[in-house]
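Chain naming here is simple, since letters A, B, ... match the order of the sequence lines and numbering starts at 1 in each.
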Amino acid sequence: MPEIRNFSIIAHIDHGKSTLADRLIQKTGMVDERMFRDQLLDTMDIERERGITIKSQAITLPFVNADGQEFELNLIDTPGHVDFSYEVSRALASCEGVLLLVDASQGVEAQTLANLYAAMEHDLEIIPVINKIDLPSADIERVKEQIEIDLGLDSDLAVLCSAKKGTGIEDVLEAITELIPPPAGHIDKPLAALIFDAHYDPFRGTVVSCRVSSGKVSQGDTIRLMSTGATYKVEEVGIFRLTREPKDSLSAGQVGYILAGIKTVSDTRIGDTITLDSRPASNPLPGFKEVKPVVFSSVYPVASDEYQSLVDALEKYKLNDAALVYQKDSSAALGMGFRCGFLGLLHLEIVQERLEREFSQSIIMTSPTVQYRFLLTKGKTITIDNPIYYPDPVTIEKAYEPYIRANILTPERYMGAVMDLCTERRGIDSRFNCPTPGRLEIQFDMPLAEVIYDFYDRLKTVTQGYGSFDYDLLDYRENDLVKLDILLNGEKVDALAQIVHRDRARPRAIIACERLKDEIPRHLFKIAIQGAIGGTIIARSTISPFRKDVTAKCYGGDITRKRKLLEKQKKGKKRMKMIGSVTLPQSAFVAVLKSDSK
Amino acid sequence: MQNKQIQIEQDTPSHFPGLYVHVPFCRSKCPYCGFYSIASPTLIPRWLNAFKKEISHCKGHFKEFDSLYLGGGTPTMLDIRDLSNLMDQIFNNFDIAQDAEITIEANPCDLNREKAAAIKSLGFNRISLGVQSFEDNELSFLGRRHTARQAERAMKLLRSLGFENIGVDLIYGFQGQSIKGWINTLKRAIEFEPEHLSCYQLSIEKQTPFVRLYKKGLLSPLSEEMQSAFFLTTSKFLEQHGYTHYEISNFAKNNSFFSRHNRKYWHHVPYLGLGPSAHSFQNSTRWWNIKSVKKYCEMLEGGKAPIDGYENLTEEQLRLEKISLGLRTSQGLDLNKIPDSPESNNMLLRLQDSGFLQIINNKIMPTKKGFLVADQLPLYLLSFAEHS
Ligand SMILES: Nc1nc2c(ncn2[C@@H]2O[C@H](COP(=O)(O)OP(=O)(O)OP(=O)(O)O)[C@@H](O)[C@H]2O)c(=O)[nH]1
Ligand code: SF4
Ligand SMILES: [Mg+2]
C-alpha cells in the first residue's frame, strides 16, 4: 500500500502555485508531455484567459522516492486571490499539510498571511517554499527574514525552488513526504467523508468531491447524506487524475469522488458528511465556516420567462461555488430574481461570467452594494444589502456603513495621485510606511462602498499600473446616508437606485445620469433620465431620439443584408431589459456606479 | 367609394415574376456607388457569351414574367448590336408577357438619337435615367461624366421619341448642399414631368472611394436633423406637385407608374436575376450570383451555374422581411403580421400617437416621419412584443 500525503499549495496571488503544481505533476510522470500545457490545473477557460486560479483543483499523483518507497500524493492547487479564499479554506479541510509559497522577489504579502492563519487553524504542517529564485530581483535573505519574523516559521526549513525553471522540485517532494504526516483515521470505523466540493454532470448527476476521514466507501454501497438523511446507491468512486479515474473503493485518508446518481441538485450540500446507510457514523464531521459575503447584487433573467432556467442554473452553479449565497428577490423593474452575496468584486464578475458561459444564462446584474445598518427611531437596528429596502428616511435615527483599511503599495512618485484618489473616495486617517526605498505603503480608512466599484482600476490608472491594493474589513461607522433614485421618463427604476453619502449625492447623481446617457441606446422617443433624493430632482440628462435611420436603397441584394442586420439588432435587443418603454443594456445597471474620470 | 375600390386593386402588386439582368459594366466608376460593376469594356463579348450560357441554365424555371429590368452598371453602354443580341436571347428563351414593363437604366451621355430609337424598337417601354443632379458642380463631386445640359437633352430626346414612362434618378443630401439648391434641382426635374422619380439620400457605401474619404474625415454626412429636413421637404414638394410617395425613395405620378419590377422586391414576389451579383428569389429561397465578371464567365464556361450562395428563409425570416419591407412602402403591411399581444398593441398605439404610423383598415402604414426611421420600426414592433 502506498503511503498517502494530502496537501494544498497556498500563497498570495501569482506567487506560482499552479506552476509548481505543473512541475510536481510532470516530475511524477502523470501526464504525457504532448498533453502538457502551463498551469495544467487551471482547467476553466475563464482561468486560462485571466491567468489566475479560481477553483481549487485536486489531483492524485503516484510517487516513488529515492528509497523506493511508494506514495500517493493528493495535491490541491488553490486560488490566491482573496475573493476565492473560501476555496482555500475548504481545501485545507482535506489536508494534513500545506506548501506555503512565497515569491522570492515580492516577499510575504497579504494573502500569504491570511492563508497561513487558515492553515494554522486547521493545525496543518506548514512547509515554507520560496519560489521564483531564478528572478534577478529575487532576495532570498530578505524573504527568509520575513518568514522568520512576519510568519513566525523556521526559515531553515524553507525549500528554495523555481517552479518555472524546475529547480528544487526534488527538494519540494522530499519535504512533502518527510514532513507532512500521513492521514490518521481508521478504515474499520464507520464511514465519514466530508464533501468539500461538487459539480453537476448532465449525464451522471452530481459529482461529489470528498475526503474520507474514516471507514471505506465502495461501488454498490448505499450511502447516506447526514444533513438530509437522503440515501443513494454508489455507482462509481474514484480519484482525480487529469480526468476522473474509477477505483473499487476510497478509504480513510483518501481524497476522491463519488457518483451516486444524485439528480436532485439541492440534496448535495458542501460541508455535509457522507456515511454508510447500513453502518452510519455517530456524528457528522465538522463542516465549514459560513461564508460572509461583503458585496451584494441582484441577478435577474433578461427575459422573465427564463426565471426557472435561472433557478436551475444557480442551483447547479452553487454546487461548484460554495462561496455564493443567494436568496429570492424581486424588483418592480426587473421582475423575479435573486439577491446574491459575493466575497468581492472579482467573485461577482466570475459568477456573472460563468453563469453566462457555462449555463447559457442571459442575466442582468444590478450595481453592487455593501451592507448598511440603520438604527431606527423605535430603537430597532436593521441591516440591508439592497437599496430597495432603504427605510423611510423619517424613521432613521442613525445610519452606518462598513469601513475598510485600504493598504496601497506604490512607487513614491505616485503618492499625490493616490492621496487624491483616496480622499475623493472619502478616505481618512492616512498612514505611511516605507518598506523599501522608493516604495510607499499608504493606509487609509475608507468606506467599503467607495472601493467596490472601479477603485482598483482607477488606482492602476493613477499609478500607471504600479499600484497594488488590498484591504481588511474594519468596522461599521456612522454616516449620513441617503438613497439616490434614478427615474427614466419619470418612472423610478428600483434596480438603479443606490445608497450614497449625502455630501456625494449630487455629483454621484450627475455622473449616474451621464453614464446612463452613454449606455442607453437612442430610441424612437426622447428619454429623460433623472436623479432624485426623495422627491427632489438633483440631476438630469436627456437622450435625444432617432431623427433618421433608414437605408435609401433596398433592392435584390440589399434585402438579405438588411434582414441579417435586423436579426442581429433583434438579438441584441433580446439581451436588453425593457423597463416601461425603455430598453436598457446590461451594462447600464452597473454603469450608474462608474466614476467620472475615465 | 367605387373609385377607392379600384385604387386599392391597382395598388396590389402583380404576382407574376420579374426578370432582372445585371449589366456589370460602367465607363468609369462613380466614387459613391456600391453596385457591382467594372470599367473594363474589353470583357463585354466574353460576358455576353457567358450570359447566353446562364440563360440556358435557368430557362424553364420561371413561368411568364411581367417585368424585365436591365440594370447595372450601365446597360446603355452596350452598343446597339450587343443590346439587341442580348434582348433576342432573353425573348427567345423566356416567356415575357405582352404588356410587360420593360425598363432600362440609362446614362444621359449614352443617349444619342440612334441609340434611343434602337432602345425603343427593342421593346423598352420604361427608362430609368441616371440624372443624379442638375448642378454641374454636384455632378462633378459625384464623379458623373455628364452635365446637367446633357441630362436635359436626353429627357427631351426620349420624350420626342414617344417614351411615355420615364423615371429620373436623383441624389441629394451632400455636405454643403442647401435645401434651396436641392429644391431647385427637383424643380428642374419636374419641368419634364417624368412619370417616376427616385430620390436617394447620399449614403456612404462600403468599399467605395467615398468611404475612404469619409474615414479620413474629408467627407462628412449631413446631420440627422438636416437629413430629416431634406427628406421631409422632398416628400412635401413632390406631393404638392402631384407625385405619390410610395416607397422611401420612390415617387410616381400615379399608381400606374409605380415601378412594377421594383415592387416585386418589396413584396416577396418571385424574381430571377441574371448576371454577376444578381439576386433571385422564389419559394422562400433566395440565391445570388458571384460578384465578379471573371469568375462568372469562368464558372459558366466550365458548365457551372454562377451561383455564389443561397438561403432558405424560415417562416420567421420571411415574416421579418415582410415587416421591414412593408414598412418601407406607403402601402404598409397587414396588421396580422404583428403579434397580437398587449405589449405589441401598446407599442403600436404609442408609435401611432407619436406619428410614426397610421393604422387604417387593419393595415399598418408608415407616415413620412415613420419612413425616416424605417430601419428602427421593425425592431419596435417585434422585440417589444417578444420581450415581456
Ligand atoms: N520567473 C519565475 N516565474 C514564475 C515562477 N513560478 C511561476 N512563475 C510565473 O508567475 C506567474 C504566476 O504563476 P501561477 O502559477 O499562475 O501563479 P498562482 O500562484 O497559481 O496564481 P493564482 O492561482 O492566480 O493565485 C506566471 O506568469 C508564472 O509563469 C518561477 O519560479 N520563476
Ligand atoms: S452609379 Fe451607375 S454609372 Fe456610376 S458606377 Fe454606379 S452603376 Fe456605374
Ligand atoms: Mg494558480
Can you name the nearest heavy-atom pair linking B/Ser228 to A/Arg547, along with the distance?
CB-O, 4.1 Å
Which bit of B/Leu313 comes within less than 4.5 Å of chain A, counting heavy atoms only: side chain, backbone, both or neither?
side chain
To the nearest 0.5 Å, what is the distance between CG on B/Asp375 and OG1 on A/Thr551?
3.5 Å
A/Ala552 and B/Gln201 have their tightest heavy-atom pair at CB-O, 3.7 Å
Chain A contact via B/Asn346 - which portion, at a heavy-atom distance below 4.5 Å
neither
Taking the side chain as every heavy atom from C-beta outward, state whether B/Tyr271 and A/Tyr555 have any atom pair closer than 4.5 Å.
no
With heavy-atom distances below 4.5 Å as the criterion, would you say the side chains of B/Leu382 and A/Lys573 are in contact?
no
Identify which part of B/Tyr36 has an atom lying under 4.5 Å from any heavy atom of chain A, answering side chain, backbone, both or neither.
neither
With only heavy atoms counted, which part of B/Phe356 is less than 4.5 Å from chain A, the side chain, the backbone, both or neither?
side chain
Structural part of B/Glu311 lying under 4.5 Å from a heavy atom of chain A:
side chain
Which atoms form the tightest heavy-atom contact between A/Phe525 and B/Ser354, and what is the distance?
CE2-OG, 3.3 Å
Please state whether the side chain, the backbone, both or neither of A/Lys571 comes within less than 4.5 Å of a heavy atom of chain B.
neither
Of all heavy-atom pairs between B/Gln376 and A/Asp549, which one has the smallest distance, and what is that distance?
NE2-OD2, 3.0 Å
I'd like to know whether B/Glu225 forms a side chain to side chain contact (heavy atoms under 4.5 Å, CB included) with A/Lys548, so could you lay out the CA-CA distance, the side-chain angles of the two residues, the decisive distance to 0.1 Å, and finally the verdict.
CA-CA 8 Å; B/Glu225 281 69 24; A/Lys548 178 192 171 268; over 6 Å; no
Could you go step by step and tell me if B/Val373 and A/Val550 meet the side chain to side chain contact (heavy atoms under 4.5 Å, CB included) rule?
CA-CA 5 Å; B/Val373 291; A/Val550 58; over 6 Å; no
A/Thr560 and B/Arg286: side chain donor to acceptor below 3.5 Å
yes
A/Lys553 side chain near B/Ile248 side chain, heavy-atom distance below 4.5 Å:
no
Is it the side chain or the backbone of B/Phe371 that comes within 4.5 Å of chain A heavy atoms, both, or neither?
backbone
